[in-house]
> 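Attaching a single structure in structure tokens format; questions to follow.
Computed from a predicted structure; not experimentally measured.
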Amino acid sequence: MIKALMDREKELQIHLFTRGFLITDREFADMDGYPFYGNWNCKRVEGYFFLTHCLVNLYSVREGDKTFFLIGHAYNPFTMEADEEKVLLRIAQAYTQGEAAYYDAVDEITGIFLFGYVDQEQIHFIIDPSGMQSGCYGKIDGKFYVSSHPQLVGDLCGLTMDSFVKELVSYKWYGRVMGPYLPGDLTPFSELKRIVPNIDFCYKDGVVQHTRFYPRKEIAQCANDKEYDAVIKKAADILKNNMELITRKWEHPQISLTGGIDSNTTFAAANGNYDRYETFSYLSAEKEVPDVEAAKKIAKRFGVKHTLYRVPQTADGIEKYDQIVQILRHNNGYIADGKPNELRKRCVLQRECTADVEVKSWASETIRGYWYKHYGRKSMPKLSPKLFRNLYKIFIFNRSLAHKVDRIFAQYIKDFAYESIPAAYPPADMHYWEVTWGSWGGVNISEMKFCFDITMAYNNRVFLDTLFRVPLEKRISDQHHLDMKKYLNPALYDMHIRVVNMKETDFRAFMLNIIFTLNSVLPF
């Protein structure tokens, strides 16, 4: 069905698996037919073919007997390097100095990307710090695949959706709690697995192996105000450097601005570069009005151009809306159907927004104790499959499905060495980082790239690691974000603008905690 649509709608072909990639040892003779339609480039590296959509960049450098590569974009706030080939060269040279130096260099870079190297017949690959670049891998009929879109591999190999995934996505509460996404490292197909953040994957001799390279060591929480202030300054300076680097990489960067603490802090970090940024917000539902008004007030105060995009309440008048929705559903593998207002928003932004990159504030919630806020809790149960399942979805009235998800998380926790993670990194935060962001976030960002490229100043492993030194109670209260904002832009801090997410109200958290507790204590 999708092939017939794409064959017919030639002007929409560029949106199929947009900004995607495929690395494989299988050669494709026809790059002009479905699903590539002449919109993909191909480069051979050793025994692998690197296929990249025309709107995404592939960078590579040769160092010794290895070819290091990066698909997407990256920049280094410690060296202030915005050129990906130079970023890659620094990592390649660090590799020769040993494992610790290599991973330290990898930790420095910000962006949304897949990084790795090819060494003769073996290939190593690592996803960006939060998995905002969606990625999957698998061996099918003797051929190996690494791709941004599981459905792309599914189309090329004739795969069908896994029976458990079918059952899960049809569950009536599948879309609740952070929206639709799959647990563990699942993809729509049993033959493919999701690339998990903070893990180094290696395909060698026909087998995939992986190693957790972060978190590697215990860290001490701030013991006094002096240590806390130093942490705030270090983290805020990373953000500020990232915001400057973004202006060097793109000609028309725009911050999606709201009244929320994440967006506020991103805007504060652009202080000193406001003449090189624009901002925008959108209005697709009544609940977004407070954010729009806050964004207008902030942008006006600092003389930054602000554009409001009004999203229509119906799809009437949006050209080829139904066809675009079909493409977006296919791109995400039919596991994350968007809400109608979100889909209309995508269409409006794609057609009207002049940004060449949107600066989003995602990944920030990792170090804001999101699950603690969401459930109104000051502590969480210890690491277990049940904890990960309860954070994932609500299964009170479907215990059979709950037990199946438990088994998936049990294997996932074992496979990715969660028991070895130091105590400074709570299991609930690591779940949010590597499961929620890695699965839900990656799929959503891939869909958003239909509109324009996307980057995140927060998506830096050193930045996130630094803020894990902040005591949990300060992270839950967002004190560290407020203090970063005060350091970066005191005038913005003094405006005292903060629109609270409706999902963070005390009553909602209280009710969700009752459900969470009940789900935790049920003996069956």
Side-chain angles (χ1 to χ4, degrees), residues 2 5-6 8-21 35-40 52-57 72-73 112 132-134 148-149 151-152 179-180 246 249-258 263 277-285 288 291-292 295 305-334 336-362 440-456:
I2 192 71
L5 170 66
M6 301 314 302
R8 185 172 65 251
E9 301 285 351
K10 297 186 183 303
E11 72 277 17
L12 298 181
Q13 290 172 355
I14 196 169
H15 300 311
L16 185 65
F17 306 121
T18 189
R19 294 182 167 88
F21 62 82
F36 305 114
Y37 291 115
N39 291 315
W40 289 60
T52 51
H53 188 273
C54 61
L55 296 178
V56 74
N57 292 317
H73 67 262
I112 298 180
M132 293 302 175
Q133 171 58 67
S134 62
S148 53
H149 295 78
Q151 190 64 53
L152 171 58
I246 289 168
K249 291 188 65 61
W250 287 277
E251 293 184 3
H252 304 290
Q254 296 190 20
I255 302 168
S256 50
L257 186 59
T258 70
S263 179
Y277 276 102
E278 295 183 19
T279 64
F280 74 87
S281 54
Y282 48 81
L283 188 58
S284 65
E288 294 164 350
D291 273 314
V292 168
K305 181 180 177 181
H306 180 75
T307 303
L308 171 62
Y309 296 98
R310 296 184 180 275
V311 180
Q313 295 303 300
T314 69
D316 296 343
I318 298 179
E319 186 179 358
K320 296 189 182 297
Y321 174 80
D322 291 338
Q323 294 92 327
I324 290 171
V325 170
Q326 288 184 59
I327 295 170
L328 295 179
R329 290 189 69 229
H330 191 75
N331 287 354
N332 69 36
Y334 304 95
D337 287 354
K339 296 179 180 179
N341 67 308
E342 290 290 323
L343 293 168
R344 295 193 299 271
K345 180 179 73 178
R346 303 267 190 273
C347 293
V348 169
L349 292 177
Q350 191 271 331
R351 293 174 187 271
E352 299 182 17
C353 187
T354 58
D356 52 5
V357 67
E358 175 192 0
V359 185
K360 292 192 75 67
S361 301
W362 287 15
W440 177 84
V443 170
N444 275 268
I445 291 300
S446 289
E447 182 172 298
M448 292 175 187
K449 289 179 184 177
F450 163 73
C451 307
F452 28 55
D453 201 2
I454 290 174
T455 195
M456 298 174 192

> Could you walk me through whether M6 and I2 pass side-chain contact (heavy atoms from CB on, under 4.5 Å), step by step?
CA-CA 6 Å; M6 301 314 302; I2 192 71; 4.2 Å; yes

> Under 4.5 Å between any side-chain heavy atoms of S134 and I445, yes or no?
no

> Would you say the side-chain atoms of S256 pair up with the backbone N or O of F280, donor to acceptor, closer than 3.5 Å?
no

> Nearest 0.5 angstrom please: T52 OG1 to N39 CG, how far?
11.5 Å

> Salt bridge between E342 and K345, side-chain N to carboxylate O under 4.0 Å?
yes

> Can you find a pair of side-chain heavy atoms, one from V311 and one from L283, that are under 4.5 Å apart?
no

> Between the side chain of D356 and the main-chain N/O of E251, is any donor-acceptor distance below 3.5 Å?
yes

> Please determine whether side-chain contact (heavy atoms from CB on, under 4.5 Å) holds for the pair F17 and W40, giving the CA-CA distance in whole Å, both sets of side-chain angles, and the decisive distance to 0.1 Å.
CA-CA 10 Å; F17 306 121; W40 289 60; 3.9 Å; yes

> Heavy atoms only: give me the nearest R344-A315 pair and the separation to one decimal.
CD-N, 3.7 Å

> Only counting residues at least two apart or in another chain, list the ones meeting side chain to side chain donor-acceptor pair (under 3.5 Å) with E11.
K320

> Would you find a donor on one side and an acceptor on the other, under 3.5 Å apart, between the side chain of H53 and the backbone of R19?
yes

> Say whether S446 and H149, considering side chains only, have a donor N or O and an acceptor N or O under 3.5 Å apart.
no

> Donor-acceptor check, side chain of T279 to backbone of A295, threshold 3.5 angstrom: yes or no?
no

> What residues form a side-chain contact (heavy atoms from CB on, under 4.5 Å) with N57, not counting sequence neighbours?
Y59

> Rounded to the nearest 0.5 Å, what's the gap from CD on E288 to OG on S281? Could you check?
9.0 Å

> Between V359 and Y277, is a side-chain contact (heavy atoms from CB on, under 4.5 Å) present by the stated rule, with each step listed?
CA-CA 10 Å; V359 185; Y277 276 102; 4.0 Å; yes

> Please report the C-alpha distance between T455 and K360 in whole Å, then the side-chain angles of each, then the deciding distance to 0.1 Å, and finally whether the side-chain contact (heavy atoms from CB on, under 4.5 Å) criterion is met.
CA-CA 6 Å; T455 195; K360 292 192 75 67; over 6 Å; no

> Among residues at least two apart in sequence or on other chains, which ones pass side chain to side chain donor-acceptor pair (under 3.5 Å) with Y309?
none

> Just by modelled atom types, is the I318 backbone N or O under 3.5 Å from a matching donor or acceptor in the R351 side chain?
no

> Under the 3.5 angstrom rule, does the side chain of S148 hit a backbone N or O of F21 as a donor-acceptor pair?
yes

> To the nearest 0.5 Å, what is the distance between CG (L349) and CZ (F450)?
9.5 Å

> Rounded to the nearest 0.5 Å, what separation is found between the CG atom of D453 and the CD atom of E358?
10.0 Å

> For the atom pair OG1 (T18) and CE (M448), what is the distance rounded to the nearest 0.5 Å?
14.5 Å

> Is a side-chain donor or acceptor of E352 paired with a backbone partner of V348 at a separation under 3.5 angstrom?
no

> Is it true that the side chains of T354 and H252 contain a donor and an acceptor less than 3.5 Å apart?
no

> Starting at CD1 of I14, measure out to CD1 of I327 and round the result to the nearest 0.5 Å.
11.0 Å

> Could you list the residues that satisfy side-chain contact (heavy atoms from CB on, under 4.5 Å) with V325, not counting sequence neighbours?
Y321, R329, L343

> Is the closest side-chain donor-acceptor distance between S263 and S361 under 3.5 Å?
no

> Considering residues at least two apart in sequence or located in another chain, which fulfil the side-chain contact (heavy atoms from CB on, under 4.5 Å) criterion with N332?
A336, V443, E447

> Under the side chain to side chain donor-acceptor pair (under 3.5 Å) test, which residues partner H330, sequence neighbours left out?
Y34, D155, Y334

> Can you check whether V357 reaches F452 side chain to side chain, under 4.5 Å on heavy atoms?
no

